[in-house]
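Side-chain atoms are counted along with the backbone in the values below, which use heavy atoms only and exclude waters and symmetry mates.
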Amino acid sequence: MAWTRYQLSLAGLMLATGSINTLSAKWADNFNAGGCGGTAEHSFQHPFLQAVGMFLGEFSCLAAFYLLVCRDRRRAEPSLAPAQPFNPLLFLPPALCDMTGTSIMYVALNMTSASSFQMLRGAVIIFTGLLSVAFLGRKLVPSQWLGILVTMAGLVVVGLADMLGSRDETHKLSEVITGDLLIIMAQVIVAIQMVLEEKFIYKHDVHPLRAVGTEGFFGFVILSLLLIPMYYIPAGSFSGSPRQVLEDTLDAFCQIGRQPLIALALVGNISSIAFFNFAGISVTKEISATTRMVLDSLRTVVIWAVSLAVGWETFHGLEILGFLILLAGAALYNGLHQPLLARLPWRRPPAGAVGSEAERENLLGGERAPINGDS
């Protein structure tokens with residue numbers, strides 16, 4: 001099926017903004033600038049402040065939703081269904097998961113490479129599958145269990161590549177291992193978020209932009225308030241600020257004042273997450289959820305290529321192998337192998353016959369993506 005220009009634009013926007021989101025965060029981490037009180041130059045390590053910016057980008061989706069509603073109401077025949085009443089507090093538990101998971105991942109991004117960061121996020125398949133069986137009563141088909149096993153193998157290969165070839169002068173081996181483990185730990189929290197969304201939110205038929213914006217609002221307000229006590233909580237060598245506290249927001253703003261390019265990186269991170277969520281939702285609606293998953297995998301290639309081009313990391317062949325294994329695991333879990341199997345002569349149904357029950361369920365159901373796909 002040929003894509004329209006609009007569909008191609010949406011796919012390109014999703015791929016570009018999804019890549020920019022991770023690359024801009026890593027770019028900010030790579031800057032060195034003096035802090036408040038004339039402190040010496042040090043790296044910009046402010047993961048919790050960056051997470052606040054990410055939630056601000058999600059929060060902006062709420063404004064986009066209301067603009068969409070206003071434009072739709074001016075039409076002679078509105079296309080949007082009337083909003084169903086729901087309790088916004090339903091979004092608080094998944095927002096807390098999103099806040100925790102995102103903060104942990106931004107901490108981990110300071111310790112490992114951008115490409116490994118993106119690849120290891122594929123671990124969410126493992127935990128989402130297991131939690132959906134335990135709490136949603138879902139039954140996984142054999143190909144999904146195989147996809148989970150393949151994904152686990154891919155994570156091992158990516159972790160091995162990190163330990164053998166990804167560390168450089170700024171990333172010690174212990175930091176790389178800690179960062180990789182933190183990313184995988186964060187995927188457990190992301191999986192819990194996805195299960196909560198499916199169990200309590202999807203049944204209310206809330207518009208995706210409204211859902212993203214509401215979660216972004218809760219995350220932005222709560223994490224912004226938490227920056228105050230974080231300013232006083234000692235973190236020792238775990239902190240990158242001269243005061244060695246959990247998050248020194250004033251130090252971050254002083255560094256931004258001395259190195260304006262940090263502000264550009266943060267603005268890129270905030271705006272890209274907003275456009276990425278819009279593009280991801282639109283791709284799911286206008287094309288398919290499968291296409292969204294494929295594009296999400298392709299941005300890993302873009303991030304890796306850019307990281308190599310600008311010298312953020314060195315080439316290691318195991319990373320290619322790890323990515324391909326992770327891609328195969330995601331394809332098996334999401335059923336991308338079924339169209340290929342259906343083309344085999346002995347799998348083709350007779351002309352005019354309706355496909356198998358499993359095929360119909362795959363076409364009608366599909367895997368639900370998280371409301372905010374890149375938090």
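Around CZ of F253, the count of heavy atoms belonging to other residues, nucleotides or ligands within 6.0 Å does not exceed 12. Annotation: F48, atom CZ; neighbour count of heavy atoms from other residues, nucleotides and ligands within 6.0 Å is above 12. The local environment of CZ in F278 is sparse, with at most 12 non-hydrogen atoms from other residues, nucleotides or ligands closer than 6.0 Å. When the shell of 6.0 Å around CE of M152 is examined, it contains 12 or fewer heavy atoms from other residues, nucleotides or ligands. Within a 6.0 Å sphere centred on CZ of F127, heavy atoms belonging to other residues, nucleotides or ligands number more than 12.
Note: L250 CG to L227 CG = 10.5 Å, rounded to the nearest 0.5 Å. L56 CG to L223 CG: the interatomic distance, rounded to the nearest 0.5 Å, is 11.5 Å. Rounded to the nearest 0.5 Å, atoms CD (E58) and CD (E215) are 7.0 Å apart. Put simply, OG1 on T249 and CE on M230 are 8.5 Å apart, with the number rounded to the nearest 0.5 Å. Taking CD from Q144 and OG1 from T128, the interatomic distance works out to 11.5 Å, rounded to the nearest 0.5 Å. Annotation: the span from T151 atom OG1 to L332 atom CG amounts to 8.0 Å, rounded to 0.5 Å.
The minimum heavy-atom distance linking Q259 with A33 is given by the pair CB-CB, 3.9 Å. Residues M14 and L295 approach most closely at SD-CD1, 3.9 Å, considering heavy atoms. Across V195 and L131, no two heavy atoms sit closer than the pair CG2-CB, 3.7 Å. Of all heavy-atom pairs spanning C61 and G213, the tightest one is CB-N, 4.1 Å. Between R258 and G34 the shortest heavy-atom distance is CD-O, 3.2 Å. The shortest heavy-atom contact between Q193 and P94 is CG-O, 3.7 Å.
Looking at heavy atoms from C-beta onward, D251 lies in side-chain contact with P242 at the 4.5 angstrom threshold. Counting heavy atoms from C-beta outward, L318 and L321 have side chains that approach closer than 4.5 Å. Annotation: side chain of R121 is in contact with side chain of F117 (closest heavy-atom distance under 4.5 Å). Looking at S307 and L23, their side chains come closer than 4.5 Å, going by heavy atoms from C-beta outward. Side chains of L109 and Q50 form no contact here, defined as non-hydrogen atoms less than 4.5 Å apart. You'll find the side chain of M99 reaches within 4.5 Å of the side chain of L226, heavy atoms only. Using a 4.5 Å cut-off on side-chain heavy atoms (C-beta onward), L196 and C97 make contact. A 4.5 Å side-chain heavy-atom check between F55 and I222 finds every atom pair outside the cut-off.
V301 is connected to I320 through a chain of hydrophobic side-chain contacts under 4.5 Å among Ile, Leu, Val, Met, Phe, Trp and Tyr, so both are in one cluster. Cluster annotation: F276 is not connected to L67 through the hydrophobic network of ILVMFWY side chains, with a link wherever side-chain heavy atoms come within less than 4.5 Å. Hydrophobic clustering (side-chain heavy atoms under 4.5 Å, transitive across Ile, Leu, Val, Met, Phe, Trp, Tyr) groups F44 together with V310. A single hydrophobic cluster is not seen to contain both I104 and V245; linkage of ILVMFWY side chains at heavy-atom distances under 4.5 Å, directly or through other members, places them apart. Placement of V156 and I148 in two distinct hydrophobic clusters is found when ILVMFWY residues are connected by side-chain heavy-atom separations under 4.5 Å, directly or transitively.
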Q: Take W304 and E313 through the side chain to side chain contact (heavy atoms under 4.5 Å, CB included) test and state the conclusion after the steps.
A: CA-CA 9 Å; W304 184 55; E313 55 185 279; 3.5 Å; yes
Q.
Could you walk me through whether I126 and L155 satisfy the side chain to side chain contact (heavy atoms under 4.5 Å, CB included) test, starting with their C-alpha distance in whole Å, then the side-chain angles of each, then the deciding distance to 0.1 Å, before giving a yes or no?
A. CA-CA 11 Å; I126 300 170; L155 293 175; 3.6 Å; yes
Q: Using the side chain to side chain contact (heavy atoms under 4.5 Å, CB included) rule, take F323 and L326 through it: C-alpha gap first, then chi angles, then the decisive distance, then the call.
A: CA-CA 5 Å; F323 170 71; L326 287 172; 5.5 Å; no
Q: Apply the test side chain to side chain contact (heavy atoms under 4.5 Å, CB included) to residues S132 and L140: give CA-CA distance (whole Å), side-chain angles for both, the deciding distance (0.1 Å), then the verdict.
A: CA-CA 9 Å; S132 65; L140 301 183; 4.3 Å; yes
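A donor-acceptor pair under 3.5 Å is absent between the side-chain atoms of N21 and the main chain of T17, judged by distance alone. Here the side chain of K26 pairs no donor or acceptor atom with the backbone of S113 at under 3.5 angstrom. At distances below 3.5 Å, at least one donor-acceptor pair connects side-chain atoms of S239 with backbone N or O atoms of S241. With hydrogens and angles disregarded, a donor-acceptor distance shorter than 3.5 Å links the side chain of T39 to the backbone of G35. Between the side chain of E247 and the main chain of L49, a donor-acceptor pair closer than 3.5 Å is present. At least one donor-acceptor pair closer than 3.5 Å links the side chain of R243 to the backbone N or O of Y231. In this structure, the side chain of S272 engages the main chain of N269 through a donor-acceptor pair within 3.5 Å. Between the Q187 side chain and the I183 main chain, a donor and an acceptor come within less than 3.5 Å of each other. For Q255 (side chain) and A252 (main-chain N/O), no donor-acceptor pair under 3.5 Å exists by modelled atom type. For H42 (side chain) and A40 (main-chain N/O), a donor-acceptor pair under 3.5 Å exists by modelled atom type.
Within the cation-pi definition used here (under 6.0 Å to the ring centroid, within 45° of the axis), R210 does not qualify as a partner of F91.
D162 and S116 share a donor-acceptor pair across their side chains, judged by distance under 3.5 Å alone.
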